[in-house]
Amino acid sequence: MSDKFREYKQLDLSQINKDVLKSWEEEDTFHKSISTREGNPTFVFYEGPPSANGMPGIHHVMARAIKDTFCRYKTMKGFRVHRKAGWDTHGLPVELSVEKSLGITKEDIGSKITVEEYNAACRREVMKYTKEWEQLTRQMGYWVNMDNPYITYDNRYIESVWWLLKQLFDKGLLYKGYTIQPYSPAAGTGLSSHELNQPGCYRDVKDTTAVAQFSVIRDEKSEFLYDGVDSPLYFMAWTTTPWTLPSNTALCVGPKITYVKVKSFNPYTGEPMTVILARDLLYSHFDPKNTELDFEDYKAGDKKIPYEVLAEYTGEELTGVNYEQLIGWVKPDGDAFRVITGDFVTTEDGTGIVHIAPTFGADDDRVAKQSGIAPLLVIDKDGKNQPLVDKTGRFFQIEKMDDAFVASNVNTASYAEFSGRFVKNAYDEGLTDDDNTVDVDISVMLKKESKAFKVEKHVHSYPHCWRTDKPVLYYPLDSWFVRTTAVKDKLIALNNTINWKPQSTGVGRFGNWLENLVDWNLSRSRFWGTPLPIWRTEDGTQTKCFGSVEDLYGEIEKAVAAGFMTKNPYEGFVPGEFEDSNYDKIDLHRPYVDDIVLVADNGEKMFREPDLIDVWFDSGAMPYAQNHYPFENKAKYQPEKGRGVFPADFIAEGVDQTRGWFFTLHAIATMIDDSVAFRNIISNGLVLDKNGNKMSKRLGNAVDPFETIEKYGSDPLRWYMLTNSQPWDNLKFDEGGVDEVRRKFFGTLYNTYNFFALYANVDGFCYKEEEIPVEGRPEIDRWVISLLNSLIKEVGESLENYEPTRAGRAISEFVNENLSNWFVRLSRKRYWGGEYDADKISAYQTLYTCLVTVAKLSAPLAPFYSDLLFTDLNKLTGKETDQSVHLAEFPTADESLIDKDLEQKMDIAQRASSMILGLRRKEKLKVRQPLAKIMVPVLNGRFKEQFEAVEGIILSEVNVKEVEYLTDTAGIIKKKIKPNFKTLGPKYGKIMKQIAASVAQFSQADISTLEKSDSFKLTVNDQEVELTTADVEITTEDIPGWLVSSEGELTIALDINISEELKQEGIAREFINKIQNIRKDSNFEVTDRISLKIEKNDFYNQAVSNYKDYISSQTLSADLTLVDSMENGMGQLVEIDQNVEARVFVEKKG
RNA sequence: AGUCCCGUAGCUCAGCUGGUUAGAGCGCUACACUGAUAAUGUAGAGGUCCCCAGUUCAAAUCUGGGCGGGACUACCA
């Protein structure tokens, strides 16, 4: 082992990244960081599984830097941190890329390619970029346990998911229902939103639209509407799909929209009527010019129709009013024909009242369910509910309906004409666009009944099926649901216990989402995913859900015995054995599970429900499935307090996961365990390019994380990302910012270390001396130690509160401003030359302590350099027993070392120094030229005491000999007074302005009266005002006749007269500086001794001889001689003053 | 369309519960320092605190309404 601190020529963070990684691997540091915490309380982190079928991007570094920071922090706080890596492996993107790379479609599975091959291809595809992900994880220093990651396609993972589904099933939270989805009657298939968004699917078509009149039922709920009404009263609603009107069961209004009641005549029949519609849309339906027409003059058939607005109502008021069914073909079962509210209603077109047909619109279905409105359904011969339009796109035929239902609910006389008709002509091969559509016929029917206000053709954009080019219908399709609405209150209550960062995402985005919760649609008609473990008989009366392979296995055996299957496809599997070898024998994916036909308790065949489940369920199940719970690791879920793996203490992902992973985790944990899944959460914002645009490969503005890490190392990248903006704000990623962090923070820290190492090596300091008690150290040491402890407190609190930005910024501020720019700069002289005495040792100990503490504080954020710094320091001193900073304990602040008074004093010193340097600059006085004195006005004793304490620091920093304190009595200080708004404002309120004006008028005498008696009375607006010194701020701003600088309460004057003696000292310092430069240029060692010759010159002869000893000691010269003339070419010319050059010869001695 | 975030110097961001000269870093310009030196310091210029209205003695800060950028969700009679 070397006996010196390592010194560096330059800071290469990229190389350090590699070196430190290597040592982590050699020392197995990551595993040690867990094993050394064995038996301690756990800190549980859940890794949101990424999908490895895409390359990792720079935004992944962001999220993972956050995750890693807190896991490292908690490790240093002594917790045993659980963080298991995982992979999200299911879903449509995988299927699509497999099909693309193999050049096949789903139909080819089983023919062109075997199921086994397809399955294998999916497994390969989904792990395509595993290597890159692992590499990024490693290089960026993200410590997550990759030894045994959870993989969502793994049979054991699926088994846990099945177990969860079974729990939901048993609790009655899993049911089969329907949602409104795009459906192509021509192709006979449902369409995904993905398919609908393909180019060309949305097309402008011309359809018959109708504004229909819904007749209000007069009762106690609607009575208020009848004031002044003498004709039938209607709600007006517009539709572009009149064929949905027979399925209407509600009308929807916007709660905050204003509606008007208008008296007029029906344009088609001329019958008097009163209608209700949105005020904003009045003139779209009634010509403003007609408002002056006389009702008496109107005859049926007139083009110009008079109208009159009778009253206004808000949507809220209209809610609950009942109306008559518009088209009485089929009676719905349940509550219907009522006005409800919906937040999606606008007054952009139509009437501001939306016709609701729950079976044919997603919004319709949603608001109807929320308001308890029944959909309009018919019952078929099998006793199943069906919408009024069947899957081929025609009105449900009467003969296919249940007879009893027809008798009780169907008006066959009026419906017969429409029964079996296609709702779009495109579906009927015998029809063309020229034939009358159902829409037209329904509109004509309404016209005749005075129920149509306006029927017209209208061009609008409508989705079409990409396979058949025919229009799509929104249609209720079977789906399996999780009844999340049943636990809505619990979800909300538990959410309120979660610490969200930022809070707004939790109470706002997530909270609102929970408030408007609908049941979770689990079904996906896909191939590569977790199959629903549900088998049903064909008539749907018998259902079985399986929560383990063992249960399914047993049922298969029964089915084989019953002769439904020839053999058990999972033959050889041993229930209860959890090794890879056993689970490799089976595959729970499609289509293997589809081939399983089971036997129901009544002996009928049971077939699997063909759907897969939402991949979000997979990832939301990870708290359980990652450990194959409850089949294995059960004990970890019922632990003594603080020792388990559930729930998570912390998770972090992008804010885009709010309704994805965050929700599914929360929902599943709530339903299964009545518990939160996570206690603390950071949802981070996006990483944009430096112009604020979204990064995309297409635009070429995506930043490659590997290149960035290679170039700068991970630390500057992580630090930049964590400190540039709060994690939850979007980050405008600018490479220049990473470089700035490298220079400003890491560069300065490195410089500070190198400075330390340089002199510590010269003096042989290796912290073997007794620790000098802090109270025995000089002011500046105590000051920096005080700040250091304040910093420890702040960083600790910030990380405790999941605020990495505050932590990083505080560390950076400390290193740059306080440690480097003040402590080291002021203490430099203490390190070089001189005795190895207590002061010097104190200087080393203090700086060492600061450096090693900064290493520990920054370790969670910048794991690489901090570890190098820590080990470089510790290798020699052996002060710490831990091999790595990541195994060390996080520092705790020693409150007794925090000295706010001292911090204030040093603040004065810093400000005073900078002011004096400013004055010197103004007068073009070099700092090397000593000056005689500064003068400081003293307003109170405390200030004088503080200034005196740092007097020496200021004087040496600005090269001035003494301080003169000016007290009031001298009468040369001019004072300035300013009211203290914070104390006066609440007391005097309205007359504040006048008080401020009066105070501004105070004379010097007034001010001194106030100071002496601590009271001053004035009258403002006939009100007596008494001021005390606490109500004002008194400062000095001028010392007449002197060069003065003033900042806040601090005022300093500088004496710029230079005596002969000062002049000579200045010359001496000038020589020292020049000689030092020569030493350095000649590459002398810091410790080399020299001999010195200076050619005589009357300008400086006296100065050199007077300050001979001073010059010699500073430059380590053994002899200094003034010579008459230098031999030719010897020595070099240096400038001592303007136009004065000296020839100096420097020679290394011995 | 709804929900949420953001809008402060040319750029990236601070600015806590309202209190009177609105800050920092980068960049630019000038100067200084010099045994930390491919470093460092100091200063200058640079602001409609997105706009409008309100509350208040007092608003960058609180309230309401816009505008602009972004995300998510839903897609519309």
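So you know, we letter chains A, B, ... as the sequences are listed, proteins then strands, and number each from 1.
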Next item on the list: May I have the step-by-step check of side-chain hydrogen bond (donor to acceptor under 3.5 Å, both in side chains) for A:Thr244 and A:Ser247, ending in yes or no?
Entry: CA-CA 5 Å; A:Thr244 61; A:Ser247 299; over 6 Å; no
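- Look at B:U12: its Watson-Crick or wobble partner, with both distances under 3.5 angstrom, is B:A24.
- Note on A:Thr240: only backbone sugar-phosphate atoms sit closer than 4.0 angstrom, heavy atoms only; bases stay farther off.
- When atom types are taken as modelled, the side chain of A:Asp364 and the backbone of A:Ala357 share a donor-acceptor pair closer than 3.5 angstrom.
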Sub-3.5 Å pairs of nitrogen or oxygen atoms, protein against nucleotides 11-13 of chain B:
| residue | atom | partner | partner atom | Å |
| --- | --- | --- | --- | --- |
| B:U12 | OP1 | A:Lys732 | NZ | 3.3 |
| B:U12 | O2' | A:Asn724 | OD1 | 2.4 |
| B:U12 | O2' | A:Asn724 | ND2 | 2.9 |
| B:C13 | O2' | A:Arg809 | NH2 | 2.9 |

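- Ion pairing of A:Glu813 with A:Arg809 is absent here, as no side-chain N (NZ or NE/NH1/NH2) approaches a carboxylate O to less than 4.0 Å.
- Residue A:Asn980 is the one, among A:Asn1073 and A:Asn980, whose nearest nucleotide of RNA chain B lies closer to the 5' end (criterion: closest heavy atom).
- Across all strands, A:Leu686 comes closer than 4.0 Å only to sugar-phosphate atoms, never to a base (heavy-atom distances).
- Pair assignment for B:C72: B:G2, on the basis of Watson-Crick or G-U wobble contacts that are both within less than 3.5 Å.
- Residue contacts for A:Glu740: at a heavy-atom cut-off of 4.0 Å it reaches the sugar-phosphate backbone alone, with no base atom in range.
- A:Glu735 and A:Tyr712 share a donor-acceptor pair across their side chains, judged by distance under 3.5 Å alone.
- Taking only distance into account, the side chain of A:Thr658 never meets the base of B:A71 through a donor-acceptor pair shorter than 3.5 Å.
- Note: CD (A:Glu797) to P (B:C16) measures 18 Å, nearest angstrom.
- You'll find the ring centres of A:Tyr183 and A:Tyr475 inside the 6.0 Å limit.
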Contact list (N/O, under 3.5 angstrom) for nucleotides 2-4 of chain B vs protein:
| residue | atom | partner | partner atom | Å |
| --- | --- | --- | --- | --- |
| B:U3 | O3' | A:Asn512 | ND2 | 3.0 |
| B:U3 | O2' | A:Asn512 | ND2 | 3.3 |
| B:C4 | O2 | A:Arg509 | NH2 | 3.3 |

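- No engagement by A:Gly737 is indicated, since no non-hydrogen atom pair under 4.0 Å with the nucleic acid exists.
- Side chain to side chain, A:Asn801 and A:Arg806 fail the donor-acceptor criterion of an N or O pair below 3.5 Å.
- Looking at A:Thr240 and A:Asp207, their side chains never bring a donor and an acceptor atom within 3.5 Å of each other.
- The side chain of A:Phe981 sits closest to B:U20 out of B:U20, B:A36, B:C26.
- Just one of A:Leu847, A:Val824, A:Asp763, A:Val762 meets the side-chain contact (heavy atoms from CB on, under 4.5 Å) condition when paired with A:Tyr831; it is A:Leu847.
- Under the Watson-Crick and G-U wobble criteria, each requiring two contacts below 3.5 Å, nucleotide B:A38 is left unpaired.
- The aromatic rings of A:Phe745 and A:Trp719 sit parallel to each other, their planes meeting at less than 30°, with 60° as the upper class boundary.
- The residue A:Tyr759 sits close only to the backbone: its heavy atoms come under 4.0 Å of sugar-phosphate atoms, none of a base.
- Side chain of A:Glu653 to main chain of A:Gly48: a donor-acceptor pair is present (N/O by atom type, distance under 3.5 Å, no hydrogens or angles).
- The gap from the P atom of B:G65 to that of B:A1 amounts to 15 Å, rounded to the nearest Å.
- Atom C1' of B:G27 sits at a distance of 34 Å from the matching atom of B:G19, rounded to the whole Å.
- When heavy atoms are screened at a 4.0 angstrom cut-off, A:Thr209 is found touching no nucleic acid atom at all.
- The shortest distance between the side-chain N/O atoms of A:Tyr474 and the OP1/OP2 oxygens of B:C76 is below 4.0 Å.
- Phosphate contact (OP1/OP2 of B:G41, side-chain N/O of A:Arg828, threshold under 4.0 Å): absent.
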